[in-house]
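What's counted below: heavy atoms across the whole structure, side chains too, no hydrogens, waters or symmetry copies.
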Amino acid sequence: RITVSGIPIDPRFAAPFDKPALRRKHGLERDRTTILIAAGGFGVGPVEQIVSSMRQLTHPAQVVVICGRSEDLKRRVEKVATESGRGNAAIKVIGFTSEMHELMAAADLLIGKPGGLTTSEALARGLAVVVVNPIPGQEERNADHLLEQGAAIRCNNLPVIAWKIDRLLDDPSRLSTMQERARRLGRPDAASEIVDALLPTT
């Protein structure tokens, strides 16, 4: 017998949320496009290059960078954020956080590698995804699935990532469609579905 549940994630990713209230809680502007850059728990990936490229955005945006447990990466990203000039992107740098469910709910767009858990959490929160540098194998297949389902765009050339995001923000209806398709793909209740499948009913 097979139960297709999706990857189990923290139940907090299934909880209802108030986006304006969460933005206020985390020191973010209520009405500005919010982009989340995720480096994973251990702070991996070309985060500095992405942050530097965000300064080229023509649309006003606020960018939240999650550096994970790497204090070295956090310092490097803070330096890049300071040295890159003001631009149209306000950049907020965070180290390890246990509030990813809130930050994802506060965001409009996620930039990162399409690992299984991060992807599942993002879809549960209805986040459109900008896929960068997927690892061959599982992450490549995740990227293909997101692209085929219309929930993501892909950037293989980091210097043009801001241009790609600007083109997406030029078309709010396209971004909204991507977010809706992400929500449809999401399985926020996967953990409880697994429990229900395993435990006998009374």
Side-chain angles (χ1 to χ4, degrees), residues 6-10 13 33-57 61-78 80-81 89 91-165 167-168 175 178-179 181-183 185-188 190:
I7 294 176
I9 57 176
D10 192 304
F13 285 90
T33 299
T34 304
I35 300 170
L36 191 63
I37 300 175
F42 297 100
V44 297
V47 182
E48 293 157 275
Q49 297 96 309
I50 296 171
V51 171
S52 181
S53 296
M54 290 297 97
R55 292 303 192 187
Q56 301 169 25
L57 285 170
Q62 50 196 352
V63 180
V64 181
V65 188
I66 310 297
C67 296
R69 291 184 168 87
S70 175
E71 286 297 322
D72 180 58
L73 175 62
K74 185 171 183 286
R75 285 191 295 270
R76 297 199 314 268
V77 170
E78 287 172 337
V80 169
I91 297 175
K92 182 183 181 74
V93 184
I94 299 174
F96 179 79
T97 178
S98 59
E99 297 180 313
M100 200 65 174
H101 61 295
E102 293 187 355
L103 292 168
M104 281 191 172
D108 301 301
L109 193 64
L110 173 75
I111 302 175
K113 292 157 59 62
L117 198 56
T118 298
T119 299
S120 296
E121 292 169 348
L123 295 178
R125 284 313 205 192
L127 274 175
V129 180
V130 180
V131 174
V132 293
N133 291 355
I135 295 171
Q138 170 242 334
E139 288 191 359
E140 281 282 2
R141 289 190 286 275
N142 288 346
D144 288 345
H145 183 61
L146 293 174
L147 292 165
E148 288 164 1
Q149 296 299 317
I153 60 174
R154 179 167 176 168
C155 185
N156 296 324
N157 183 10
L158 292 183
V160 301
I161 191 169
W163 183 87
K164 283 203 166 190
I165 292 173
R167 300 294 72 76
L168 179 57
L175 176 58
M178 288 175 63
Q179 292 166 335
R181 288 177 176 174
R183 277 188 286 272
L185 287 175
R187 302 295 293 267

Inset, instruction - Kindly indicate, with the supporting measurements, whether the criterion side chain to side chain contact (heavy atoms under 4.5 Å, CB included) is fulfilled by I111 and M54. - result: CA-CA 11 Å; I111 302 175; M54 290 297 97; 4.1 Å; yes
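- In terms of heavy-atom proximity, G186 sits nearest to L123 at CA-CB, 3.7 Å.
- A152 is linked by a side chain to side chain contact (heavy atoms under 4.5 Å, CB included) to V129, V131, L146, L147, counting only residues two or more places apart in sequence or in another chain.
- Taking P159 as the reference, N157 meet the side chain to side chain contact (heavy atoms under 4.5 Å, CB included) condition, with sequence neighbours excluded.
- At distances below 3.5 Å, not a single donor-acceptor pair connects side-chain atoms of S52 with backbone N or O atoms of E48.
- Of all the heavy atoms in F13 and M104, the pair that sits closest is CE2-SD, 3.7 Å.
- For Q56, there are no side-chain hydrogen bond (donor to acceptor under 3.5 Å, both in side chains) partners, not counting sequence neighbours.
- The nearest pair of heavy atoms linking C155 to V130 is CB-CG1, 4.5 Å.
- Across every non-hydrogen atom of I7 and A190, the tightest pair is O-CB, 3.4 Å.
- Each of V63, I66, V77 was evaluated against V93; a single residue qualifies, V77, per the side chain to side chain contact (heavy atoms under 4.5 Å, CB included) test.
- Across every non-hydrogen atom of I94 and K74, the tightest pair is C-CE, 4.0 Å.
- Side-chain contact between T97 and E102 is absent, with no heavy atoms from C-beta onward closer than 4.5 Å.
- With sequence neighbours excluded, the residues that form a side chain to side chain contact (heavy atoms under 4.5 Å, CB included) with A128 are L109, L175, M178, Q179.
- Every residue meeting the side-chain hydrogen bond (donor to acceptor under 3.5 Å, both in side chains) condition with Q62, not counting sequence neighbours, appears here in chain and number order: T34.
- Counting only residues at least two apart or in different chains, salt bridge (charged side-chain N to carboxylate O under 4.0 Å, His left out) contacts with residues 122-138 are absent.
- Atoms OG and CG, from S53 and L158 in turn, are 6.0 Å apart once rounded to the nearest 0.5 Å.
- Taken from CD1 in I9 to CZ in R187, the straight-line distance is 11.0 Å, to the nearest 0.5 Å.
- Partner N142 forms a side chain to side chain contact (heavy atoms under 4.5 Å, CB included) with one of S120, P134, P114 and no other, that one being P114.
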Inset, instruction - Assess whether side chain to side chain contact (heavy atoms under 4.5 Å, CB included) is satisfied between R76 and V80, documenting all intermediate values. - result: CA-CA 6 Å; R76 297 199 314 268; V80 169; 5.6 Å; no
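- Residues satisfying the salt bridge (Lys or Arg N to Asp or Glu O under 4.0 Å) criterion with E71, sequence neighbours excluded, are absent altogether.
- Remark: R181 pairs with no residue by the salt bridge (Lys or Arg N to Asp or Glu O under 4.0 Å) rule, at least two apart or across chains.
- Here CD1 of I50 is found 8.5 Å from CD1 of I165. Values are rounded to the nearest 0.5 Å.
- Legend: residues meeting side-chain hydrogen bond (donor to acceptor under 3.5 Å, both in side chains) with N133, ordered by chain and number and at least two apart, are absent.
- Note on residues 146-158: pairs passing salt bridge (charged side-chain N to carboxylate O under 4.0 Å, His left out), not counting sequence neighbours, are E140-R154.
- The distance from atom CD1 of I161 to atom CD1 of I35, rounded to the nearest 0.5 Å, is 8.5 Å.
- In this view, R141 and Q138 satisfy the side chain to side chain contact (heavy atoms under 4.5 Å, CB included) rule, not counting sequence neighbours.
- Listed here is the closest heavy atom pair of A89 and L57: CB-CD1, 4.3 Å.
- In terms of the salt bridge (Lys or Arg N to Asp or Glu O under 4.0 Å) criterion, D144 has no residue partners (sequence neighbours excluded).
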